[in-house]
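Quantities reported herein were computed from a predicted structural model and do not represent experimental measurements. Along the sequence shown, the residues carry numbers beginning at 1.
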Amino acid sequence: MRRYARIIGTGSYLPPRRLTNNDLAAELAQRGIETSDEWIVERTGIRARHFAAPDVTSSDLALQACRQAIEAAGVSAQDIDLIIVATSTPDMVFPSTAAILQHKLGIANGCPAFDVQAVCSGFVYALSVADAMIQTGAAKRALVVGAEVFSRILDFNDRTTCVLFGDGAGAVVLEASEAPGILAAELHADGSHVGILCVPGHVSGGNVLGDPLLKMDGQAVFKLAVGVLDKAARATLDKAGLTEADIDWLIPHQANIRIMQSTARKLKLSMDKVVVTVDQHGNTSAASIPLALDHGVRSGQVKPGQTVLLEGVGGGFTWGAVLFKM
Ligand code: ACO
């Protein structure tokens, strides 16, 4: 009998400071940077985002999301035997945010804990790794988390990027099960596109060398994203022997409503079948998919037994998809 990894609980957390486009535009105006609610909504669909306080880290956000997910799963934190955190904004250079999170959750059972770095595809990567570890018997009950404080790496003098991103965290508890479960996953990367979306700085000799703020060629990212998401979706459905018609919910990375609309159109899915949170959260990178999944579950949209397709795309360039029965 196949051993599946099944999502048994979801959780999420947004830091309390919420900025509407008008709030952000007013702050940017003080720096002499001009933007508007109208421009941001028309080009991206974003209306608001949350920013963490300066002393709040990715593991702090992850902790709140994980507590919710563990409660929803009806298990104890001590039952977790694997922790994977997807983040591009870790608390420290090392150790991993996952190890810090393990301690904050009070898990002292020695379970493996590590970070995955695949930028906005991070959650899909992390979920796929956890699925493989559960299938092989290396883990029974995994905590898979996406957590980001992207506000730390934004250049608030660059209006083409700083209006797009936000902070937050989302988490799921995955458990070994005879019932499906994650049905199929696809992961990809093409490192020839490193330069179109990156934070090029690094720490050396006690100094930050290079620019530690986010750089993006928005149009190049847009074109690549639309192409690869469609292919990844079809390949994942093929692997599971399903078609677009079997999808109850599409939960894509929440970067831009226009990318999401284009993906849905190519899959012949109405936008009624797409969970959308980009309007309220902005792009929270690795946190965006688990935040949207938890929103879908808690709002009653995503129900037990339904078939859900997650799709991630981001810096690297990386992309992937995970298909599962809720
Ligand atoms: N406010 C007002 N005007 C702006 C702003 C802003 N915030 N930003 C750019 N503009 C101006 C530009 O200066 C330009 O003006 P010009 O014509 O006078 O030169 C004009 O708006 C158009 O700029 P474009 O860059 O051509 O705008 P575009 O329609 O391509 O939209 C955007 C830009 C929103 C970034 C789009 O390219 C996009 O969404 N790309 C995908 C980005 C993305 O999703 N990234 C994340 C995915 S991966 C990850 O999540 C890490």
Taking [X] for the side chain and [Y] for the main chain, is one N or O donor matched with an acceptor at less than 3.5 Å?
X: Arg47; Y: Thr20; answer: no
X: Ser121; Y: Thr318; answer: yes
X: Asp81; Y: Arg141; answer: yes
X: Thr236; Y: Ala232; answer: yes
X: Ser58; Y: Pro90; answer: no
X: Tyr125; Y: His188; answer: yes
X: Gln254; Y: Val278; answer: yes
X: Asn207; Y: Leu209; answer: no
X: Gln306; Y: Lys303; answer: yes
X: Glu27; Y: Ala29; answer: no

Between [X] and [Y], is there a side-chain N and carboxylate O pair less than 4.0 Å apart?
X: Asp238; Y: Arg234; result: no
X: Glu186; Y: Lys239; result: yes
X: Glu175; Y: Arg6; result: no
X: Asp167; Y: Arg17; result: no
X: Arg265; Y: Glu244; result: no

Heavy-atom side-chain proximity of [X] to [Y] below 4.5 angstrom:
X: Phe150; Y: Thr284; value: no
X: Ile153; Y: Thr89; value: yes
X: Leu250; Y: Val275; value: no
X: Gln301; Y: Trp249; value: yes
X: Gln68; Y: Arg298; value: yes
X: Leu291; Y: Ser12; value: yes
X: Ile46; Y: Val41; value: no
X: Ile100; Y: Gln102; value: no

Testing the 3.5 Å rule here: is there a donor-acceptor pair between the side chains of [X] and [Y]?
X: Asp131; Y: Ser128; value: no
X: Asn283; Y: Arg49; value: no
X: Asp158; Y: Thr160; value: yes
X: Ser288; Y: His253; value: yes
X: Asp115; Y: Thr87; value: no

- Using 30° and 60° as the class limits, which term best fits the ring planes of His281 and His50: parallel, tilted or perpendicular?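 Perpendicular, since the angle between the ring planes exceeds 60°.
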Over all atoms of both residues, closest heavy-atom pair of [X] and [Y]:
X: Ser96; Y: Ala113; result: OG-O, 3.9 Å
X: Leu183; Y: Pro180; result: CD2-CB, 3.7 Å
X: Leu229; Y: Ile259; result: CD1-CG2, 3.9 Å

What's the separation between atom [atom1] in [X] and atom [atom2] in [Y], rounded to the nearest 0.5 Å?
X: Leu82; Y: Leu143; atom1: CG; atom2: CG; answer: 8.5 Å
X: Lys140; Y: Cys111; atom1: NZ; atom2: SG; answer: 13.0 Å
X: Ile7; Y: Ser177; atom1: CD1; atom2: OG; answer: 12.0 Å

request  = Start with the C-alpha distance between Leu28 and Cys162, add both sets of side-chain angles, then the distance that settles side chain to side chain contact (heavy atoms under 4.5 Å, CB included), and finish with yes or no.
outcome  = CA-CA 9 Å; Leu28 294 177; Cys162 73; 3.8 Å; yes
Working for side chain to side chain contact (heavy atoms under 4.5 Å, CB included), residues Leu105 and Cys66: CA-CA 8 Å; Leu105 281 166; Cys66 288; 4.1 Å; yes
Applying side chain to side chain contact (heavy atoms under 4.5 Å, CB included), run through Ile196 and Leu224 and close with a yes or a no. CA-CA 10 Å; Ile196 64 169; Leu224 266 171; 3.4 Å; yes
Q. Would Ile247 and Leu237 satisfy side chain to side chain contact (heavy atoms under 4.5 Å, CB included), going step by step from the backbone distance to the final call?
A. CA-CA 9 Å; Ile247 299 174; Leu237 287 164; 4.0 Å; yes
